[in-house]
4 protein chains.
Amino acid sequence: MAVASRERVRRAAVKLFATKGFHGTGIRDLAQAAKLSSASLYHYMGTKEELLAEIMVDCLGRLLETAKATIDGVTDPAERLTRLVTLHVMTHARQPNETRVVDNEIGVLSPRLRRSVVQLRDSYEQLWSDAIDEGLRAGLFHTEQPGVTRIALLEMCNGVARWYSPRGALTLDDLAGHYVQLAMRVLGAPDRG
Amino acid sequence: MAVASRERVRRAAVKLFATKGFHGTGIRDLAQAAKLSSASLYHYMGTKEELLAEIMVDCLGRLLETAKATIDGVTDPAERLTRLVTLHVMTHARQPNETRVVDNEIGVLSPRLRRSVVQLRDSYEQLWSDAIDEGLRAGLFHTEQPGVTRIALLEMCNGVARWYSPRGALTLDDLAGHYVQLAMRVLGAPDRG
Amino acid sequence: MAVASRERVRRAAVKLFATKGFHGTGIRDLAQAAKLSSASLYHYMGTKEELLAEIMVDCLGRLLETAKATIDGVTDPAERLTRLVTLHVMTHARQPNETRVVDNEIGVLSPRLRRSVVQLRDSYEQLWSDAIDEGLRAGLFHTEQPGVTRIALLEMCNGVARWYSPRGALTLDDLAGHYVQLAMRVLGAPDRG
Amino acid sequence: MAVASRERVRRAAVKLFATKGFHGTGIRDLAQAAKLSSASLYHYMGTKEELLAEIMVDCLGRLLETAKATIDGVTDPAERLTRLVTLHVMTHARQPNETRVVDNEIGVLSPRLRRSVVQLRDSYEQLWSDAIDEGLRAGLFHTEQPGVTRIALLEMCNGVARWYSPRGALTLDDLAGHYVQLAMRVLGAPDRG
DNA sequence: CATGAATGAGCCTTCATTCAT
DNA sequence: CATGAATGAAGGCTCATTCAT
């Protein structure tokens with residue numbers, strides 16, 4: 001069935017791009033992993049680069065939409081950030097491959113394709129900036145360098161995709177909970193514990 | 001002069017590996033950037049992969065030695081971490097390319113070469129672990145997941161190489177100072193300010 | 001309707017083979033131009049090469065039959081040649097694509113298929129040779145190299161397919177008339193004008 | 001030696017492009033004929049298309065320069081044309097492959113490369129046009145359609161590359177001489193014989 | 001009648017590397 | 001010290017063709 005093959009290609013690409021990098025992944029590697037001939041691959045994708053861009057846009061787009069929905073109507077900045085961190089960390093823990101591709105391979109995209117990806121990423125990070133800014137204004141968060149703090153916080157959370165393993169002792173909930181605590185500390189929010 | 005050429009090759013490799021990735025960098029790119037023919041390149045390096053490993057080992061080795069020297073004799077865990085963070089952040093801000101190569105391209109090394117790099121990295125991270133553990137034991141730091149906290153802290157600090165620009169308003173000292181504060185917060189140390 | 005599709009394929013092939021060459025025309029180009037899927041194409045043709053041969057044989061066969069009919073019963077060599085030139089030039093002006101395919105792509109046919117095409121072409125050229133020879137025998141034409149003259153004349157007339165455009169000022173009748181004059185000159189016939 | 005290899009590539013390309021067409025000639029065919037690996041080919045050429053353009057420009061450029069030199073200072077239009085026809089025919093007889101490439105493969109060039117080739121061809125044909133026009137003005141030539149006559153004449157002469165064989169009975173001088181006679185007839189010049 | 005799915009073979013080109021000079 | 005010349009292997013991608021549906 002066509003849909004299944006298309007999905008196999010996508011999955012194979014995500015895994016391989018994440019582990020071997022875009023340039024380290026050959027079209028033949030992709031074909032083998034998708035159980036297709038390298039020629040058949042091209043029924044389900046444009047160029048290799050377009051496949052990469054598609055993966056990135058989908059992944060980021062989904063994350064952005066979910067994030068918007070998650071914080072919709074939530075006014076408390078701390079709660080907003082709690083939800084953003086939880087979603088972010090869980091997504092990175094559950095889909096480390098997608099995430100690593102998005103984080104590491106933006107640079108290989110040609111300008112045209114890169115633009116749409118960067119735009120999505122910026123929109124997503126704006127959600128964090130907004131929440132942080134409001135928390136600062138409300139006197140809940142404290143930092144002298146909001147910009148640096150925001151990016152440091154994001155980098156900290158991104159790291160999850162690089163090391164978390166579901167085979168370890170830590171559950172997803174524990175993980176997310178702990179990161180929420182770390183985030184609050186980074187933001188200088190009064191410890192709840 | 002031989003030394004100069006060798007250095008040019010090294011510099012070119014660092015810059016290119018950092019910006020285009022190992023697999024995205026061709027031997028011809030390297031040659032062009034080093035102002036040598038691609039054949040001459042091989043007077044100054046082994047294989048492309050060996051060049052990569054060399055860069056990584058040098059960079060990590062230097063960082064490890066400097067770190068050891070920096071904390072030598074320092075007993076206060078908070079001071080130890082302060083110095084580690086400062087060194088780490090400054091190194092990442094000053095040499096973002098070397099750092100990104102070390103962070104991103106470990107996976108392309110063959111097992112033999114990878115081992116020595118990983119060993120260095122582990123030794124380096126052990127310095128952080130030790131300081132954190134002692135701080136916890138001394139009641140200075142507070143975290144329920146020391147392992148997670150340590151890695152989250154490191155990832156946060158690594159991020160500097162991905163975004164800091166010396167052309168911005170932030171000085172290196174400001175940057176390091178701010179990250180020390182963030183680190184202390186992450187570790188649950190009482191705010192000094 | 002089957003016939004219509006078959007005809008669309010044929011027309012598409014003629015146009016594409018003429019403009020891009022046989023090897024420059026892909027089966028997908030053909031399919032797109034014929035508004036069919038590339039798989040459906042094969043309901044209306046054998047292999048790409050057989051399609052080419054078919055086009056050539058049809059085109060040359062029609063030309064040969066028409067030529068035979070045109071000069072049937074005509075005894076005057078000058079008149080015979082006049083009619084051959086007129087038919088030839090008009091055919092080349094009206095169907096430049098078919099003609100160019102026949103002229104340019106004979107070499108790509110495998111020996112088996114090529115034979116039948118070459119045979120038709122030879123039969124056709126024989127009509128010209130016969131007329132010229134008789135004209136010479138009758139003292140109407142004058143040339144020391146009948147073989148060279150015949151081929152030079154044919155090449156001159158073939159050229160029409162390469163440049164004539166119906167959008168220009170020249171009508172088909174003007175064109176043919178002028179070429180008849182040129183042909184008579186080439187053959188050393190006394191100018192009628 | 002480098003020059004020899006480069007020359008072998010050129011010669012191989014000319015022969016193969018002429019006999020099998022540009023699209024019908026694979027890079028591997030080229031390599032085999034040039035006695036090089038297909039990778040080594042690229043030391044001596046840019047892309048396949050650039051090689052084609054180079055061949056065309058060189059061939060046409062040489063023809064144009066020689067033609068200019070040949071008619072330089074010659075005022076008599078008939079003499080000018082005699083020399084043009086002689087040069088043209090001899091060149092086409094001696095270098096049929098180059099000529100066929102120029103005549104048949106212009107269409108495969110991308111617009112940028114095509115421009116320079118077409119420009120050369122136009123310059124060359126202008127020499128013919130000028131001579132013909134002057135002959136007409138001088139009352140030496142007679143034709144009601146100078147444009148058609150010129151192109152018919154050129155096509156007739158081009159044909160030589162398609163059929164002349166040095167192994168036949170006809171010498172180059174005979175050939176050229178005969179074509180001069182044919183040309184004069186086409187142009188309506190009074191027969192000299 | 002029509003086509004999506006599939007592929008082995010092949011396309012042009014670049015890869016990292018070696019070596020004679 | 002330096003490099004042109006050379007190449008086997010591999011790169012991403014397209015080819016003409018078949019076949020089950």
Side-chain angles (χ1 to χ4, degrees), chain A residues 1-6 9 22-31 34-52, chain B residues 1-6 22-31 34-51, chain C residues 1-6 22-31 34-52, chain D residues 1-6 9 22-31 34-51:
Chain A
M1 207 180 308
V3 175
S5 286
R6 191 179 295 268
V9 171
F22 178 77
H23 286 307
T25 302
I27 224 71
R28 284 159 181 84
D29 299 329
L30 226 48
K35 289 174 186 173
L36 245 42
S37 76
S38 60
S40 298
L41 227 48
Y42 285 87
H43 277 283
Y44 301 105
M45 48 176 270
T47 64
K48 200 176 78 154
E49 194 196 350
E50 285 164 357
L51 174 60
L52 173 63
Chain B
M1 209 178 312
V3 175
S5 286
R6 190 178 297 267
F22 177 78
H23 286 306
T25 301
I27 223 73
R28 280 159 184 79
D29 299 326
L30 229 47
K35 289 172 186 175
L36 249 47
S37 78
S38 60
S40 297
L41 224 52
Y42 285 86
H43 282 280
Y44 303 105
M45 49 175 268
T47 65
K48 199 176 85 158
E49 195 197 349
E50 285 163 359
L51 173 61
Chain C
M1 210 180 312
V3 176
S5 287
R6 189 178 296 268
F22 178 77
H23 286 305
T25 302
I27 223 73
R28 281 160 183 76
D29 300 326
L30 229 47
K35 289 174 186 174
L36 248 48
S37 77
S38 60
S40 297
L41 225 51
Y42 285 86
H43 282 280
Y44 303 104
M45 48 175 269
T47 64
K48 200 176 85 160
E49 194 196 350
E50 285 163 359
L51 173 60
L52 172 63
Chain D
M1 208 179 309
V3 176
S5 286
R6 192 177 295 267
V9 171
F22 177 78
H23 286 306
T25 301
I27 224 72
R28 284 159 183 81
D29 300 326
L30 226 48
K35 289 173 186 173
L36 245 44
S37 77
S38 60
S40 297
L41 227 48
Y42 285 86
H43 277 282
Y44 301 105
M45 48 177 268
T47 64
K48 201 176 77 154
E49 194 194 350
E50 285 165 358
L51 174 60

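Each chain gets a letter, A, B and so on, in the order its sequence line appears, and its residues count up from 1.
- One atom, NZ of K35(A), and another, P of dT7(E), lie 13 Å apart when rounded to the nearest Å.
- One can place OH of Y42(B) at 15 Å from C1' of dA5(F), the figure rounded to the nearest angstrom.
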Let's go through L51(B) and L41(B) carefully: what are the C-alpha distance in whole Å and the side-chain angles of both, what is the deciding distance for side-chain contact (heavy atoms from CB on, under 4.5 Å) to 0.1 Å, and is it a yes or a no? CA-CA 11 Å; L51(B) 173 61; L41(B) 224 52; over 6 Å; no
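- Rounding to whole angstrom units, NE2 of residue H43(D) and P of dT7(F) are separated by 9 Å.
- Rounded to whole angstrom, the span from the NE2 atom of H23(B) across to the C1' atom of dG11(F) amounts to 13 Å.
- Nucleotides of DNA chain E nearest to S40(A) and S40(C) differ in position, and the one nearer the 5' end is that of S40(C).
- Of the nucleotides present, dA5(E) is the one that pairs with dT18(F) by Watson-Crick or G-U wobble criteria, both distances under 3.5 Å.
- Between the P atom of dC13(F) and the CG atom of L52(A) lies a distance of 12 Å, rounded to the nearest Å.
- Note: CG (L41(D)) to P (dT13(E)) measures 10 Å, nearest angstrom.
- Remark: P of dA16(F) and CG of L51(C) are 12 Å apart, rounded to the nearest angstrom.
- Taking 4.0 angstrom as the limit, Y44(B) places a side-chain polar atom (N or O) nearer than this to OP1 or OP2 of dA2(F).
- The side-chain heavy atoms of F22(C) and E49(C), taken from C-beta on, include a pair separated by under 4.5 Å.
- Contact record, H23(B) with G24(A): CD2-CA, 3.3 Å, taken as the closest heavy-atom pair.
- Atom NE2 of H43(D) sits about 9.0 Å away from atom CG of L36(D), to the nearest 0.5 Å.
- With dC13(F), dT7(E), dC15(E) as the candidates, the nucleotide lying closest to the side chain of R28(B) is dC15(E).
- In this structure, CG of D29(D) is placed 11 Å from C1' of dG10(E), rounded to the nearest angstrom.
- Annotation: side chain of M45(B) is in contact with side chain of I27(B) (closest heavy-atom distance under 4.5 Å).
- Between dA16(F), dT7(E), dC12(E), one nucleotide has an atom nearer to the side chain of I27(C) than all others, and that is dA16(F).
- Distance from the side chain of S37(A) is smallest to dT7(E) among dT13(E), dT18(F), dT7(E).
- Each of A39(A) and S38(C) has a nearest nucleotide on DNA chain E; the 5'-most of these lies closest to S38(C).
- Each of M45(C) and T47(A) was assigned the nucleotide of DNA chain F with the nearest heavy atom; the assignment lying further toward the 5' end belongs to T47(A).
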